[in-house]
Amino acid sequence: MLGPVILAASRSDRMRRLISAAPVTKSVVDRFIPGETVDEIVPIIEDLTGKGLEVTMDVVGEDITTPEQAMAARDAYLELIGRLEELGLGARAEMSVKLSMFGQALPGGHELALANVRPVVEAAAAIGTTVTLDAEDHTTLDSMFAIHEELRKDFPGTGCVIQAYLFRTEADARRLAASGSRVRIVKGAYKEPASVAYQNKHEIDKAYVRILKTLMEGEGYPMIGSHDPRIIAIAQDIARRAGRKLDEYEFQMLYGIRGEEHLRLAAEGHRMRVYTAYGTDWYGYFMRRLAEKPANVRFFARSMVSKG
């Protein structure tokens with residue numbers, strides 16, 4: 001299977017250099033990451049929101065090795081929030097953050113990440129929006145959930161992400177569903193061992209549906225992160241059975257994938273949020289997008305052959 005191979009490559013410096021140097025890479029990366037700076041991404045945000053969509057913004061970059069880099073990541077988000085305020089888009093755009101960018105893996109990383117992300121959450125709240133804490137590999141999750149719980153004391157709209165392929169997630173979902181929190185459910189995009197995660201797609205899909213049912217029947221706000229047509233149809237059915245109104249949950253999909261489906265769901269009255277990443281440190285994010293879906297790999301391979 002290609003997925004595990006690609007995920008391993010996402011952590012390889014040699015593969016990073018090879019792929020980054022390929023002449024075709026930038027044109028392909030632009031499909032998923034449409035800009036490197038705030039100035040480049042603002043027109044994308046305006047275009048998406050002008051079509052009736054909402055966005056969640058991710059400043060890409062995870063290889064943080066110094067406290068100064070973590071502070072720079074914080075400042076990049078604060079710059080973005082400032083621009084959203086100028087544009088009056090606070091109600092249509094939230095932030096997605098990876099705590100690894102805020103120093104979570106450094107010495108004293110839990111406290112450092114909390115100290116760096118709190119100003120971002122405060123600034124987001126001040127313009128009428130919020131922040132969702134992305135899930136990363138399983139070793140980081142206890143820290144992420146603890147930071148999520150701490151932030152929600154002052155900013156109860158702070159969201160978090162859970163990953164269906166992890167064995168622990170059904171218990172996490174039961175806890176979060178009872179708390180009134182905002183929870184994005186995804187299948188998972190990190191290379192995890194068989195001791196902590198399902199390895200079979202069918203098992204992951206079944207776990208996803210069980211977890212989604214828990215969230216829909218709970219008191220929180222589910223955010224369905226999936227491009228899978230079958231999962232989307234099942235989610236709509238579960239929502240109806242749970243008595244959920246259209247504004248009591250939302251769908252989320254990645255920028256560059258199934259754009260027509262984004263518009264179809266929005267036209268039906270669903271809240272549809274597009275996960276939009278930007279920045280210069282795109283490699284890890286890009287490789288996980290390839291690993292998630294074989295069609296993405298084929299797209300990249302065809303581009304390499306036709307343009308390389």
Side-chain angles (χ1 to χ4, degrees), residues 11 36-38 41 55-86 89-91 93-163 166 168 172 175-176 179-184 186 189-190 220-221 223 275-285 288:
R11 297 185 177 276
E36 293 189 350
T37 68
V38 172
I41 206 67
V55 296
T56 184
M57 302 304 302
D58 176 8
V59 183
V60 292
E62 300 160 48
D63 296 327
I64 300 299
T65 58
T66 69
E68 291 75 20
Q69 289 174 324
M71 292 176 66
R74 175 203 65 192
D75 292 345
Y77 273 98
L78 293 176
E79 179 188 12
L80 171 63
I81 292 169
R83 290 298 295 275
L84 292 174
E85 182 178 24
E86 293 172 6
L89 290 174
E94 67 154 38
M95 263 39 68
S96 285
V97 305
K98 291 179 174 60
L99 292 175
S100 60
M101 277 190 67
F102 291 80
Q104 187 185 43
L106 300 179
H110 179 85
E111 292 76 15
L112 180 63
L114 176 58
N116 280 329
V117 77
R118 184 180 288 277
V120 175
V121 177
E122 290 174 347
I127 68 166
T129 189
T130 189
V131 170
T132 295
L133 307 183
D134 274 333
E136 302 182 68
D137 74 78
H138 76 278
T139 64
T140 68
L141 295 184
D142 286 340
S143 171
M144 185 273 282
F145 285 129
I147 289 174
H148 174 245
E149 184 175 348
E150 182 64 27
L151 290 170
R152 289 194 68 229
K153 292 176 182 177
D154 296 318
F155 306 98
T158 305
C160 69
V161 176
I162 56 177
Q163 301 168 102
L166 295 176
R168 65 172 288 171
D172 289 330
R175 171 176 56 82
L176 291 163
S179 70
S181 57
R182 297 168 60 258
V183 184
R184 180 196 304 150
V186 299
Y190 290 82
Y221 179 77
M223 300 180 285
Y275 190 109
T276 307
Y278 75 100
T280 56
D281 189 11
W282 50 264
Y283 178 76
Y285 177 90
R288 284 195 299 279

Practice task
Applying side-chain contact (heavy atoms from CB on, under 4.5 Å), run through Q69 and T65 and close with a yes or a no.
Solution key: CA-CA 7 Å; Q69 289 174 324; T65 58; 2.9 Å; yes
Problem - side-chain contact (heavy atoms from CB on, under 4.5 Å) between V97 and V121, worked out - result: CA-CA 10 Å; V97 305; V121 177; over 6 Å; no
Practice task
Tell me, with the steps shown, if S179 and E149 meet side-chain contact (heavy atoms from CB on, under 4.5 Å).
Solution key: CA-CA 10 Å; S179 70; E149 184 175 348; over 6 Å; no
Problem - CA sep, side-chain torsions, deciding dist, call: V60, D58, side-chain contact (heavy atoms from CB on, under 4.5 Å) - result: CA-CA 6 Å; V60 292; D58 176 8; 4.2 Å; yes
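The minimum heavy-atom distance linking A135 with L141 is given by the pair CB-CD2, 4.0 Å. Minimum heavy-atom separation, I81 to A123: CG2-O, 3.7 Å. The heavy-atom pair separating A70 from G103 by the smallest distance is CB-N, 3.7 Å. The shortest non-hydrogen separation linking C160 to M144 is CB-SD, 4.0 Å. Looking at every heavy atom in both residues, E136 comes nearest to S100 through OE1-OG, 2.7 Å. Between S143 and Q104 the shortest heavy-atom distance is OG-NE2, 3.1 Å.
Going from atom CD1 of I127 over to atom CD of E86 covers 10.5 Å, rounded to the nearest 0.5 Å. The CG atom of L80 sits 4.0 Å away from the OH atom of Y278 when rounded to the nearest 0.5 Å. Within the model, atoms CE of M57 and OG1 of T132 stand 13.5 Å from one another, a figure rounded to the nearest 0.5 Å. Between atom CZ of residue R74 and atom CZ of residue R118 there is a gap of 13.5 Å, rounded to the nearest 0.5 Å. To the nearest 0.5 Å, the span separating CZ on R152 from CD1 on I147 amounts to 15.0 Å. Considering OG1 of T140 and NZ of K98, their distance stands at 10.5 Å, rounded to 0.5 Å.
No option in T129, L133, T130, T56 other than T129 meets the side chain to side chain contact (heavy atoms under 4.5 Å, CB included) test with M95.
No side-chain heavy atom of L114 sits less than 4.5 Å from a side-chain heavy atom of E111. Looking only at side-chain heavy atoms (C-beta outward), V120 and F102 come within less than 4.5 Å of each other. Counting only heavy atoms from C-beta outward, the side chains of D134 and Y275 approach each other to under 4.5 Å. Looking at I41 and R83, their side chains never come closer than 4.5 Å, going by heavy atoms from C-beta outward.
Cation-pi geometry between R175 and F145 is met: the NZ or CZ atom falls under 6.0 Å from the ring centre, inside 45° of the normal.
With hydrogens and angles ignored, the 3.5 Å screen pairs no side-chain donor or acceptor of R182 with any backbone N or O of Y221. Between the D137 side chain and the Y190 main chain, no donor and acceptor come within less than 3.5 Å of each other. In this structure, E85 contributes its side chain and G90 its backbone to no donor-acceptor pair below 3.5 Å. For E94 (side chain) and T158 (main-chain N/O), no donor-acceptor pair under 3.5 Å exists by modelled atom type. Judged by distance alone, the side chain of Y77 and the main-chain N or O of S96 form a donor-acceptor pair under 3.5 Å.
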